[in-house]
Amino acid sequence: MNKDIYVLGIETSCDETAASVVKNGTEIISNVVASQIESHKRFGGVVPEIASRHHVEQITIVIEEALAQANLEPKQLSAVAVTEGPGLVGALLVGVNAAKAFAFAHQLPIVGVHHIAGHIYANRLEQEMEFPLLALVISGGHTELVYMKEHGDFEVIGETRDDAAGEAYDKVARTLNLPYPGGPHIDRLAHESDGAVEFPRVWLEEGSYDFSFSGLKSSVLNYMHNAAQRGETVPPEHVAAGFQNSVVEVVTAKTLRAATQYKVKQVIAAGGVAANKGLRTSLTDTFKEKGLPFYIPSLKLCTDNAAMIAAAGTVMFEKGHRGTMAMNGRPGMAMASWN
Ligand code: KG4
Ligand code: ZN
């Protein structure tokens with residue numbers, strides 16, 4: 001009988017300090033996330049220096065808590081998986097150095113994981129992956145369509161050329177005087193609305209799977225500015241609904257077109273914006289109609305966590321990937337296949 005594989009995952013790429021133990025790449029044994037949202041709220045966004053400092057304070061506590069909750073000794077682990085990039089350099093370095101120190105102290109192999117691969121593998125903690133597969137990763141830092149022929153085989157077929165979807169949500173929210181992070185507030189307002197301002201849909205060149213959200217964001221800002229100059233008051237829910245309609249329509253249409261063209265067997269969504277009610281409904285209804293299996297991990301696994309890093313790291317570990325003590329945080333890390 002094969003021995004069970006327990007992997008400790010560590011994630012510090014942005015504003016969550018997280019550690020988790022995952023069994024065989026599919027089963028969460030513990031999943032600890034220390035969020036810093038409260039500290040960044042008053043600045044209206046993530047402040048990199050504050051993020052790094054919080055990670056330094058929290059990382060040891062969070063790792064110890066993940067092991068304690070899993071009731072495991074370090075020697076029972078098979079490997080340590082850590083987010084190597086992309087992300088904020090100072091934030092990544094905390095996780096990478098903690099992982100290296102832990103691995104060195106306990107003589108464990110270390111595996112460096114791409115953050116987006118982690119988001120995709122969050123799905124495997126709830127649902128077996130079926131290939132070929134299309135993943136929509138949509139969050140505060142990323143908006144990408146990734147095609148996978150098999151485990152660890154990533155082809156980025158579309159990505160944002162400017163702002164990530166969540167970033168646009170947060171900026172529009174700020175102009176509507178909503179607190180950070182604004183995505184959930186816009187989502188709520190959009191659902192309460194009895195009307196919607198018409199904003200443009202940004203499709204880019206015909207056939208492109210790329211996204212662009214900064215033009216849409218500017219349209220919203222201009223609309224608010226012009227209304228203010230005319231002394232008009234605009235119902236914020238109409239603006240929220242109009243903005244959300246544009247994002248949801250374009251993201252749904254591009255995901256559907258890619259899924260159809262690449263003839264995938266499964267479509268998954270991940271990342272903080274996948275929590276959006278309007279987007280979830282639109283994607284779920286669209287793929288139901290097409291008879292294509294579509295999954296979104298539960299909310300806790302959609303947003304940044306370390307279980308997803310351990311899940312992806314386990315597959316990399318099984319494929320023989322090993323990092324070295326020279327590993328560094330890679331803020332601009334490109335997505336590479338694991339073969
Ligand atoms: O995945 P995540 O926690 O962190 C990143 O890796 O970026 O995503 C955070 C982003 C924020 O921009 C937040 O506003 C957005 O996800 N978000 C939402 C919703 N919930 C969170 N955006 C739209 N609708 C939501 N319900
Ligand atoms: Zn993320």
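All ligand and atom numbering here is 1-based and tracks the order in the structure. The figures here come from the full heavy-atom set of this structure, side chains too, leaving out hydrogens, waters and symmetry mates.
For the Zn ion (ligand 2), the set of nearby N, O or S atoms under 2.8 Å includes one belonging to His115. For the Zn ion (ligand 2), the set of nearby N, O or S atoms under 2.8 Å includes none belonging to Cys14.
For ligand 1, the atoms lying closer than 4.0 Å to a non-hydrogen atom of Asn276 are 23 (C), 24 (N), 25 (C), 26 (N). Atoms of ligand 1 lying under 4.0 Å from any heavy atom of Gly141, numbered from 1 in the order shown and given with element: 7 (O). Residue Gly166 has at least one heavy-atom neighbour below 4.0 Å for each of these atoms of ligand 1: 12 (O). Against a heavy-atom cut-off of under 4.0 Å, Asp304 is close to the following atoms of ligand 1: 1 (O), 3 (O), 4 (O), 5 (C), 6 (O).
When hydrogens are left out, the protein atom nearest atom 15 (C) of ligand 1 is Val273 CG2, 3.9 Å; that is the closest non-hydrogen contact. When only non-hydrogen protein atoms are considered, atom 22 (N) of ligand 1 lies nearest to Gly183 CA, 3.3 Å. The shortest contact between atom 26 (N) of ligand 1 and any protein heavy atom is with Asp187 OD2, 3.1 Å. With hydrogens left out, the protein atom closest to atom 12 (O) of ligand 1 is Asp170 OD2, 2.7 Å, a heavy atom. When hydrogens are left out, the protein atom nearest atom 1 (O) of ligand 1 is Gly272 N, 2.9 Å; that is the closest non-hydrogen contact.
At a threshold of 4.5 Å between non-hydrogen side-chain atoms, the residues Phe131 and Gln266 do not count as touching.
Side-chain atoms of Arg188 and His191 form no donor-acceptor pair, as typed in the model, at a separation below 3.5 Å. With no hydrogens or angles considered, a side-chain donor-acceptor pair links Thr17 and His55 at under 3.5 Å.
For ligand 1, the polar-atom distance check against Glu16 finds no nitrogen or oxygen pair separated by under 3.5 Å. Inclusion of His142 in the set of residues having an N or O under 3.5 Å from an N or O of ligand 1 is not warranted.
Paired with Val113 under the rule side chain to side chain contact (heavy atoms under 4.5 Å, CB included), one option of Glu84, Met316, Met333 passes, and it is Met316.
In this structure, Ser30 contributes its side chain and Gln69 its backbone to no donor-acceptor pair below 3.5 Å. Within the 3.5 Å criterion, the main-chain N or O of Ala173 finds no donor-acceptor partner in the side chain of Tyr180. At distances below 3.5 Å, not a single donor-acceptor pair connects side-chain atoms of His238 with backbone N or O atoms of Val234.
One option in Pro181, Gly140, Ala270 has a heavy atom closer to atom 9 (C) of ligand 1 than any other, and that option is Gly140. Closest heavy-atom approach to atom 3 (O) of ligand 1 among the candidates Ile116, Thr303, Thr143: Thr303.
Atom NE2 of His115 is separated from atom CZ of Arg330 by 15.0 Å, given to the nearest 0.5 angstrom. The line from SG of Cys14 to CG of Leu92 is 9.5 Å long, rounded to the nearest 0.5 Å.
At least one heavy atom of Pro184 sits under 4.0 Å from some atom of ligand 1.
The aromatic ring centres of Tyr169 and Phe243 sit less than 6.0 Å apart.
With respect to the salt-bridge test (charged N to carboxylate O, under 4.0 angstrom), the residues Lys171 and Glu167 qualify.
Of all the N, O or S atoms in His119, the one closest to the Zn ion (ligand 2) is NE2. The N, O or S atom of Asp304 with the smallest distance to the Zn ion (ligand 2) is OD1.
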